[in-house]
Peer 1: 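This structure is in C-alpha cells; I'll ask about it shortly.
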Amino acid sequence: MIYEYHIRTEEEGFYNITPRVREALSKSGLKNGAALVYCPHTTAGMTINENADPDVVSDLLFALKKTFPDRPEFRHAEGNTTAHLKALATGSSVTVPVENGALTLGMWQGIYFCEYDGPRSRTFYVKLLSE
Ligand code: ZN
C-alpha cells in the first residue's frame with residue numbers, strides 16, 4: 001500500500017511528519033514489515049532525528065548552511081545548488097521497521113521532511129511493506 005501526502009512548506013525547515021506516517025500505518029492495518037517514507041524532490045530530503053529539543057533542528061539547519069555555502073563557481077542556472085547539496089546530504093528516504101503495528105522509532109526520534117528550497121508545495125509517500 002502506498003499513501004500520498006502533501007505539505008506546504010516555508011523557506012527552509014524540517015517538518016515532523018511522524019504523525020502522518022503513523023496515520024498511514026494505522027490505515028493500512030500492517031502489523032509487521034516496514035514503512036518506507038520517500039521524498040520525490042531534488043531540493044528536499046527525508047531524515048530521522050531528534051524530536052524533543054527544537055534547538056537540534058535549528059542547529060542542523062545552521063550547520064548545513066555553513067557546510068554548503070553558495071559558491072560563485074556553481075553553474076546550475078536555477079541558482080539553488082546549495083539546496084541540491086543539502087538534499088544529497090540527508091537523502092531521499094528513510095525506512096523504519098514496523099513491529100506489532102507500531103513504528104520502531106526511538107523515544108527521541110522523529111521523521112522529518114527537510115525543505116531546502118521553499119516555500120513550495122511538496123509531496124511525500126509512505127509505502128508500507130509487509131514482511
Ligand atoms: Zn535546481
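Atoms within each ligand, like the ligands themselves, are counted from 1 in listed order.
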Peer 1: Sub-3.5 Å donor-acceptor pair from the side chain of Y112 to the main-chain atoms of E50, do we have one?
Peer 2: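 Between the backbone of E50 and the side chain of Y112 there is a qualifying donor-acceptor contact (under 3.5 Å).
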Peer 1: Please round to the nearest 0.5 Å and tell me the distance separating atom CG of N16 and atom CG of N49.
Peer 2: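 Rounded to the nearest 0.5 Å, the CG-CG separation comes out at 11.0 Å.
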Peer 1: Counting heavy atoms not belonging to E4, are there more than 12 under 6.0 Å from its CD?
Peer 2: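 Yes, because the 6.0 Å sphere around CD of E4 holds more than 12 heavy atoms from other groups.
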Peer 1: Rounded to the nearest 0.5 Å, what's the gap from NE2 on H41 to OG1 on T9? Could you check?
Peer 2: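 Here the interatomic distance stands at 8.5 Å.
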Peer 1: Are the side chain of Y15 and the backbone of R8 linked by a donor-acceptor contact shorter than 3.5 Å?
Peer 2: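 No, Y15 side chain to R8 backbone: no donor-acceptor pair under 3.5 Å.
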Peer 1: Measuring from R122:CZ to H6:NE2, what's the distance to the nearest 0.5 Å?
Peer 2: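 The NE2 atom of H6 is 13.0 Å from CZ of R122, to the nearest 0.5 Å.
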Peer 1: Which N, O or S atoms belonging to the protein are less than 2.8 Å from the Zn ion (ligand 1)?
Peer 2: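 Metal shell, protein only: H76 NE2, E78 OE1, N80 OD1, H84 NE2.
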